[in-house]
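What follows is one structure encoded as structure tokens, with my remarks underneath.
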Amino acid sequence: MTGTEAATGLPAPRDDLRALEGYHSPQLDVRVRLNTNESPYPPPPEFVAALADRLRDVAYHRYPDRSARALRVALGELLGQPPERLFCANGSNEVLQTLLLTYAGAGRRALVFEPTYALHAHIARITGTTVVVGARRDDFHVDATAAADEIAAVRPAVVFLCSPNNPTGTVEPAPTVTTVLDAVRAAGGLLVVDEAYGEFASWSAAELVADDVPLVVVRTYSKVWSLAAQRLGFAIAPRAVVVELEKVVLPYHLSVATQLAGQLALDHRGPMLDRVAALVRERERIERALDHLAGVTPFPSGANFVLFRVEGDADAVWHVLVSRGVLVRSFARWPGVEGCLRVTVGTPEENDAFLAALSDALEEVRS
Ligand SMILES: *Cc1c(COP(=O)(O)O)cnc(C)c1O
């Protein structure tokens, strides 16, 4: 028993949770917030008005449609998938949790390739899954052959690929995904490709999903659809996997407001895609600008953020940026991305403010 528990008389949490730390992404009240990869643009006002209209007519005394049928039909039409291959949940994090509860858990292993999205390992551990950590190459790509060997040796129940990878921005090419998928199939596991930033990238593993392939592709409304506050994500998965996930997830987990928002957002696809194109152009501008800054090395990104390494003390650079009202995410001491900062692509004005502040910060820290 720890001191606190002895003092309060409260019970201890599960032994295997004691070493876990909560998920932290510090929020500071600054002028330019480029640290959590959200869209810098709110959703179109016509969408917000349409949603408010529909919410007025909801039968609030009744449970929502448990199968989220209308949302899955609409999403399926957009993606060219039958609704039976779609599973929706409160953010892709709930999708990941449900996948782990269903296919991993106590006595089973999940394989992640670090550095990657911390929540893959974190949620896996919360579900009692043993996490095995694989490595990436120096260019942050997963080495397909090494990964296949590791999968054959470890026989994980679930393997995570993140493409584009957070925090590096790396897009895995199709041959890597198919090589890893073949190894996963041979080992009797499930491959989960997290495509939270898929719409910013040049290709998607969604085209590989089929009813006899152990592959699940996970997407979210949080980034591209400007709906981080709404909490909606989904999986594109074999029909039989969707059936299992629906057994495990809590009944009526997806509120009527979430279902409506997800459905109505699809009616505003045009403005959304314009924003994606604008953000990709701005990402390319940031990459070029960082390339020209002495003491900075940006890594190629297929997402709405750019990871870059700074010469010298990255934490000091981060602090100067904050003092200038610009918040980025520091990976200064994160294994595998030491000395790196990650900037989310913002509006052109925000990106200008970031680039100017960074240039000042580098000079200040150097002198
Ligand atoms: C932001 C992000 C998510 C999104 O999670 P939600 O729960 O959908 O908001 C998922 N995966 C990765 C890799 C992310 O960066």
Side-chain angles (χ1 to χ4, degrees), residues 22-27 33-40 43 68 71 75 86-101 110-124 126-127 136 140 142 158-172 177 191-201 204-206 216-237 245 249 253-255 258-259 261-262 265 272 276 279 283 299 301-307 328-329 331 334 336-337 340 342-346:
Y23 177 74
H24 297 292
S25 186
Q27 273 313 345
R33 255 171 54 178
L34 302 175
N35 65 324
T36 42
N37 299 345
E38 295 142 309
S39 174
L71 169 59
L75 253 184
L86 297 171
F87 172 77
C88 298
N90 293 289
S92 50
N93 286 329
E94 194 188 27
V95 177
L96 299 172
Q97 183 191 52
T98 311
L99 281 163
L100 287 159
L101 285 170
L111 177 63
V112 299
F113 298 96
E114 299 281 4
T116 191
Y117 188 49
L119 281 170
H120 294 157
H122 183 73
I123 301 172
I126 288 173
T127 63
R136 288 170 184 269
F140 297 132
V142 169
V158 172
V159 175
F160 285 104
L161 283 180
C162 191
S163 179
N165 184 45
N166 184 4
T168 63
T170 320
V171 179
E172 295 301 349
V177 175
L191 176 61
V192 176
V193 182
D194 186 335
E195 290 192 354
Y197 306 94
E199 289 88 344
F200 297 103
S204 165
V216 175
V217 173
V218 180
R219 293 274 185 94
T220 178
Y221 278 65
S222 293
K223 314 287 161 62
V224 168
W225 292 94
S226 300
L227 284 173
Q230 184 66 62
R231 312 304 300 128
L232 179 58
F234 59 93
I236 311 167
L245 298 177
V249 78
H253 64 131
L254 210 58
S255 82
T258 305
Q259 295 187 31
M272 290 299 184
V276 171
L279 289 170
R283 176 188 79 210
F299 297 97
S301 170
N304 66 338
F305 56 82
V306 180
L307 184 80
V328 299
R329 181 86 187 262
F331 289 91
W334 192 287
V337 277
C340 289
R342 187 195 67 194
V343 62
T344 304
V345 179

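Ligands are counted one by one from 1 in listed order, and the atoms in each one are counted from 1 as well. Please read these numbers as outputs of a predicted model, since none were measured by experiment.
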C162 vs F113 side-chain heavy atoms within contact, under 4.5 Å
no
Return yes if a side-chain donor-acceptor contact under 3.5 Å exists between R219 and S204, otherwise no.
yes
Give the numbers and elements of all ligand 1 atoms closer than 4.0 Å to a heavy atom of A196.
2 (C), 3 (C), 10 (C), 11 (N), 12 (C), 14 (C)
Going by heavy-atom distance to atom 9 (O) of ligand 1, choose the closest among S222, G91, A89, S92.
S222
If you define the side chain from C-beta out and look only at heavy atoms, does anything of L71 sit under 4.5 Å from L254?
yes
At a 4.0 Å threshold, what atoms of ligand 1 neighbour a non-hydrogen atom of T220?
6 (P), 8 (O)
Geometric class of the F305/Y197 ring pair [parallel <30°, tilted 30-60°, perpendicular >60°]:
perpendicular
Please state which protein non-hydrogen atom is closest to atom 14 (C) of ligand 1 and give its distance, to 0.1 Å?
K223 NZ, 3.2 Å
Sub-3.5 Å donor-acceptor pair from the side chain of R329 to the main-chain atoms of T36, do we have one?
no
Atom 11 (N) of ligand 1 - nearest protein heavy atom and its distance
D194 OD2, 2.8 Å
In ligand 1, which numbered atoms sit nearer than 4.0 Å to a non-hydrogen atom of C162?
13 (C)
Just heavy atoms, cut-off under 4.0 Å: does N93 contact ligand 1 by side chain, backbone, both, or neither?
both
With a heavy-atom distance limit of 4.0 Å, tell me whether Y197 approaches ligand 1 through its side chain, its backbone, both, or neither.
side chain
Would a distance-only check, ignoring hydrogens and angles, find a side-chain to backbone donor-acceptor pair under 3.5 Å from E195 to A205?
yes
If only side-chain N and O atoms count, and only distance matters, is there a donor-acceptor pair under 3.5 Å linking S222 with E38?
no
Which atoms from ligand 1 have a heavy atom of R231 less than 4.0 Å away?
6 (P), 7 (O), 9 (O)
Ignoring angles and geometry beyond distance, decide whether N37 reaches within less than 3.5 Å of ligand 1 through its nitrogen or oxygen atoms.
no
